[in-house]
Amino acid sequence: MEGPRWSRRRRTLSARLLVGHVGVLLLAGLIGFFLWARAARSELDDQYEQRALAIAQAVASTPQVEAALVAGDPAGVQELAQRTARATGASYVVVIDRNGVRYSHPNAALIGRVIEEPVVALDGAPHVGVDLGSLGRSANGRAPVLAPDGTVVGEVSTGVVETAIAAKAGDELVNLAVYLAVALAVGLAAAVLLARQLKQQTFGLELDEIAGLLQEREATLHGIREGVVAVDPSGRLSLMNDQAHQLLGTSPADRGRVVEDVLPDGDLRDLLRDPGDAADRLVLLDGRLLVGSRVRVSHGGRDLGSVVTLRDRTELEAALRELDEVRSLTDALRAQQHEFSNRMHVMSGLLEMRRYDDAIGYAVEIETATSGVASTLEAHIDSPRIVALLLAKSTVARERGVELTVTAAARVAVEDAAVDALVSILGNLIDNAIEAAGSGGGAGEIPSVTVVLADDERELVVEVADSGPGIPAGAAASIFTGGWSTKLVPGGRARGIGLALVRQLVGQLGGSIEVEERPGARFRVVVPTPRGPSPTADAVLRGAGP
């Protein structure tokens, strides 16, 4: 067992690449060597066939050979053929009459005998080819011998035996083998450099480690409930898991695209594109509250981009906001209980003192004040939910020692489709204003919050101002960003969501929101309305502090 394990460990990525490249080079070299050798052999055969034909034609045009074939006397032909073969390097020169009888041959014993194959030069044309004669395989050229009257009287067959051709081919193949060895050495060096470069690009990981990391990455990415988005240094989406697609509304086809081409302008796009690290940044996207963190990734000094994780806190934050509303209602009820207890104590004292007329007058005064505020608001604001919200906030403001003034400069009519959004907008702005005013403003001033509602045929205007310290200088552009807050974070609770939510709700209504940087903050919300003009009227609610 130790041997196979050791061999697997030794077969590193660079070694596998090196062996693979060498194998490919060897295979390609052997195939090329074989094909070149075959082509070279064919070319040498052609060359030696033409050489043999030239020798045969030279001998066939010799008068001595012509005369011998015409007379049928082979005297002197054998000597001429041998002398020619030695002079030209031919393996044999054979003179044959038209009946196939040999007049010359390297083997003198065959002179006078008839050849086995037909005399091909009787057609008067030269012929070349490979001859498998008695001397072995040879490149052969055959030329006809013509009588003075042009009649074919025989042929001259000249050839170069295989051993001569093989020797010549062997010399050329040795040179080719040297060239191939040089090419193989160069290819081997290139393979070593390529393997080293690939090793660096894969951070020294082996193939099985890379495969394992890929499997672990897929299992991890698609198994976690957080959205994971990887952005490469050029700003392209290189990786997104299923949860990220669900949160962002993207698809796998968006992989490889630039962030700006996929996501709209806003906090989320800034989170993905900004340099550096970021932790627990609040992002609002299509009504969902996301908490994002960004980490820059580098390895070996090389920037690999950034990884952003996204958590959906919509449901949790909605539950926390509902809890805040319940707490606000509880505070209002507690304040009303205090008011009621104080009034009952006054009423009890008057009755105990038997001052019945004063007790009745006090009761009428309380009833008039309480019902008058509600009736005044109901007369000028047609939404019971907004009226109820303003009454509750007035009670909370009195409990905290803040004077809340509500002014309706005209008959305010709110469409049913926009009521929920306006309730959230007013609730967030008034809560922030009460908290800011209660934290202190100018010395000797009564903490105050002013709410103004105005309506005409074109738009609904809501203004909320407070006497608090105001917006810090230069912060007007960032206060609507999720997570921005001047308040401490109690118990890990995310702050800075209210204004971001207000901006999103105003945008959904097609309106705009502005803020003034001055002593005390002033927010102005403008929402378009498709209704006609409303009759002018004024309504004022003043919730004085104790």
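Basis for what follows: all heavy atoms, side chains included, without hydrogens, waters or symmetry-related copies.
Taking 4.5 Å as the limit, some side-chain heavy atom of I430 sits within range of a side-chain heavy atom of V451. Counting heavy atoms from C-beta outward, R236 and V258 have side chains that approach closer than 4.5 Å. Residues I386 and V423 are in side-chain contact: their nearest non-hydrogen atoms beyond the backbone lie under 4.5 Å apart. Side-chain contact check for P528 versus R458: every heavy-atom pair is 4.5 Å or farther apart. Using a 4.5 Å heavy-atom cutoff, the side chains of T407 and L453 are not in contact. Looking only at side-chain heavy atoms (C-beta outward), E463 and R522 come within less than 4.5 Å of each other. Between I425 and V462, every side-chain heavy-atom pair lies at or beyond the 4.5 Å cut-off. A heavy-atom distance below 4.5 Å is not found between the side chains of L460 and V526.
Under the side chain to side chain contact (heavy atoms under 4.5 Å, CB included) criterion, D420 pairs with R385, sequence neighbours left out. A search for salt bridge (charged side-chain N to carboxylate O under 4.0 Å, His left out) contacts involving D303 returns R296, not counting sequence neighbours.
Side-chain N or O atoms of S306 include none that pairs as donor or acceptor with a backbone N or O of V295 at under 3.5 Å. Between the side chain of N428 and the main chain of S424, a donor-acceptor pair closer than 3.5 Å is present. At least one donor-acceptor pair under 3.5 Å links the side chain of N241 to the backbone N or O of V228. Between the side chain of D254 and the backbone N or O of S251, at least one donor-acceptor pair lies under 3.5 Å. Of the possible donor and acceptor atoms, one in the side chain of S238 sits under 3.5 Å from a partner among the backbone N and O of A230.
Using a cut-off of 4.0 Å between Lys/Arg side-chain N and Asp/Glu carboxylate O, R524 and E516 are scored as not salt-bridged. Taking 4.0 Å as the cut-off between side-chain N and carboxylate O, R269 and E260 do not count as a salt-bridged pair.
Put simply, CG on L429 and CD1 on I434 are 11.0 Å apart, with the number rounded to the nearest 0.5 Å. For the atom pair CG of L247 and CE of M240, the computed distance is 9.0 Å after rounding to the nearest 0.5 Å. Put simply, CG on L404 and CG on L390 are 7.5 Å apart, with the number rounded to the nearest 0.5 Å. The CD atom of E403 sits 13.0 Å away from atom CG of D466, with the distance rounded to the nearest 0.5 Å.
A pairwise comparison of heavy atoms in L389 and G427 identifies CD2-N, 3.9 Å as the closest pair. Smallest separation of non-hydrogen atoms from E459 and D455: O-OD1, 3.5 Å. Taking each heavy atom of S467 and A437 in turn, the nearest pair found is OG-CB, 4.0 Å.
Checked options V307, L271, D277; the residue passing with R294 is L271 (criterion: side chain to side chain contact (heavy atoms under 4.5 Å, CB included)).
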> Does the side chain to side chain contact (heavy atoms under 4.5 Å, CB included) test come out yes or no for L239 and V229, once each step is laid out?
Replying inline: CA-CA 6 Å; L239 178 66; V229 181; over 6 Å; no
>> Under the criterion side chain to side chain contact (heavy atoms under 4.5 Å, CB included), I'd like the reasoning laid out for K393 against L391: C-alpha separation, chi angles, the key distance, then a yes or no.
In response: CA-CA 6 Å; K393 298 302 181 184; L391 290 173; over 6 Å; no
>> Does V525 form a side chain to side chain contact (heavy atoms under 4.5 Å, CB included) with V464? I'd like the steps, not just the answer.
In response: CA-CA 9 Å; V525 176; V464 179; over 6 Å; no
